[in-house]
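Take a look at the structure set out below.
Order of listing sets the numbers, starting from 1, for every ligand and every atom in it. Computed from a predicted model, the values in this text were never measured in an experiment.
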Amino acid sequence: MGGIVALAGGVGAARLLRGLVKLVKPEDVVVIGNIGDDLELFGLHISPDLDIVAYTLAGIVDEERGWGIAGDTFHCLEMLKKLGFEAWFRLGDRDLAIHIARTMMLREGCTLSEATRRICEMLGIKVRIIPVSDNPIRTRVKANGRFLDFQDYFVKRGAVDAVEGVMFEGADEAKPAPGVIEAIKGAKRIIICPSNPILSIAPILSVSGVREALRGSASPIVGVSPIIGGRAVKGPLVKVMECLGMEASAYGVANFYKGLISHFVIDRLDAWLKPRIERLGIKVIIADTLMKSLEDSVNLARVVLEAD
Ligand code: FO1
């Protein structure tokens with residue numbers, strides 16, 4: 001019997017996963033994480049989406065922000081600012097320790113997936129979190145006629161720009177990290193978390209062999225809509241979809257995953273879209289998809305596990 005595989009971006013994915021591990025053994029869950037948001041700052045390798053999932057599962061995430069470590073301080077960053085360095089990416093002191101540890105492991109010759117496995121072990125996480133690739137993939141967002149690094153677009157500029165295109169630099173050469181394809185092939189259920197399909201899930205799908213392995217799977221592939229009532233729970237998804245000429249709705253997300261997912265969980269507010277989504281050949285499950293409390297996460301995870 002295979003396990004459960006989840007394709008994951010950041011906060012939305014982490015919130016679903018914290019519910020999932022209350023219903024199934026964490027050892028049976030493999031998370032395939034997005035690395036398109038990774039960046040290098042102060043000589044350190046930062047993997048925001050892998051960390052958001054890891055901190056959430058370790059129970060140390062800053063719940064309000066959804067990223068970073070609860071109760072963290074920012075002394076190091078403040079000092080760097082005094083020294084004249086840019087401090088737009090809010091790296092807390094404890095968070096920095098993780099980036100230092102990861103960077104040291106990478107310098108010693110570890111792959112990103114090995115470093116991630118070791119960090120997860122140190123944090124007591126039993127879920128296996130695998131970056132989709134050990135090769136770098138960098139999401140670049142085209143705005144005002146030029147490509148910006150993802151975090152420049154997202155954090156530094158506050159995602160205010162009209163998006164003219166998105167590319168995943170390095171994706172053509174990237175190979176799936178060890179365990180990624182095997183996990184998909186052996187999975188009894190695959191979840192596409194409520195993450196941004198264009199900025200968080202597409203970089204995962206862009207790695208050679210991933211899409212094919214998903215298409216070849218006979219198990220249910222259950223997507224969860226990150227859009228509720230025409231609004232993204234977090235981030236610039238609606239604006240990005242509109243800019244790229246897509247319908248910014250749960251239907252638009254389902255259409256993006258057409259041919260890939262067997263089931264799609266949409267919010268009650270979007271129940272009216274069910275017939276249209278079903279015409280895409282996708283089974284639709286209507287549920288409460290907003291995850292504020294742990295109970296919300298568990299309830300949504302149950303819906304995802306029971307979809308058939
Ligand atoms: N998001 C922000 O909006 N502002 C930040 O300053 C910021 C810092 C940060 C530091 C570490 C980390 O792991 C994540 C951080 N994030 C921050 C979140 C992150 O950049 C995005 O939410 C993801 O890349 C999108 O999934």
Heteroatom proximity flag, [X] to ligand 1, N/O under 3.5 Å:
X: Gln151; value: yes
X: Ser200; value: no
X: Asp95; value: no

Side-chain donor or acceptor of Thr73 paired with backbone N/O of His75 under 3.5 Å: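 No, the answer is negative, given that no donor and acceptor are paired below the 3.5 Å cut-off.
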Considering Trp67, Phe154, Phe89, which one's heavy-atom position lies nearest to atom 18 (C) of ligand 1?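 The nearest heavy atom belongs to Trp67.
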What is the nearest protein non-hydrogen atom to atom 3 (O) of ligand 1, stated with its residue, atom name and distance?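 Looking only at protein heavy atoms, the one closest to atom 3 (O) of ligand 1 is Val155 CG2, 3.7 Å.
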Considering only protein heavy atoms, which is closest to atom 13 (O) of ligand 1, and at what distance to one decimal place?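 Atom 13 (O) of ligand 1 sits closest to the protein heavy atom Pro48 CA, 3.5 Å.
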Answer yes when Lys175 and Asp134 have at least one side-chain N-carboxylate O distance shorter than 4.0 Å, and no when they do not.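 A salt bridge is absent here (no side-chain N lies under 4.0 Å from a carboxylate O).
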Pair Asp149 + Arg138: basic N to acidic O under 4.0 Å: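 Looking at Asp149 and Arg138, the cut-off is not met.
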Is there a path of hydrophobic side-chain contacts, each under 4.5 Å between heavy atoms of I/L/V/M/F/W/Y residues, joining Phe147 to Val141?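 In one cluster: no.
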Cluster check Tyr153, Val160: I/L/V/M/F/W/Y, side chain < 4.5 angstrom: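 Cluster IDs for Tyr153 and Val160 differ.
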Show the atoms of ligand 1 that are less than 4.0 angstrom away from any heavy atom in [X].
X: Lys234; result: 22 (O)
X: Arg90; result: 5 (C), 6 (O), 8 (C), 9 (C), 10 (C)
X: Asp49; result: 23 (C), 24 (O), 25 (C), 26 (O)
X: Trp88; result: 6 (O)
X: Asp37; result: 23 (C), 24 (O), 25 (C), 26 (O)

I'd like to know whether CD of Glu78 has more than 12 heavy-atom contacts from other residues, nucleotides or ligands below 6.0 angstrom.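 Yes, the 6.0 Å shell around CD holds more than 12 heavy atoms from other groups.
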Just wondering, more than 12 heavy atoms not from Arg231 lying within 6.0 Å of its CZ?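 For Arg231, atom CZ is not crowded (no more than 12 foreign heavy atoms under 6.0 Å).
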At what distance, to the nearest 0.5 angstrom, does CG of Leu214 lie from CD1 of Ile32?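 Reported to 0.5 Å precision, the distance equals 7.5 Å.
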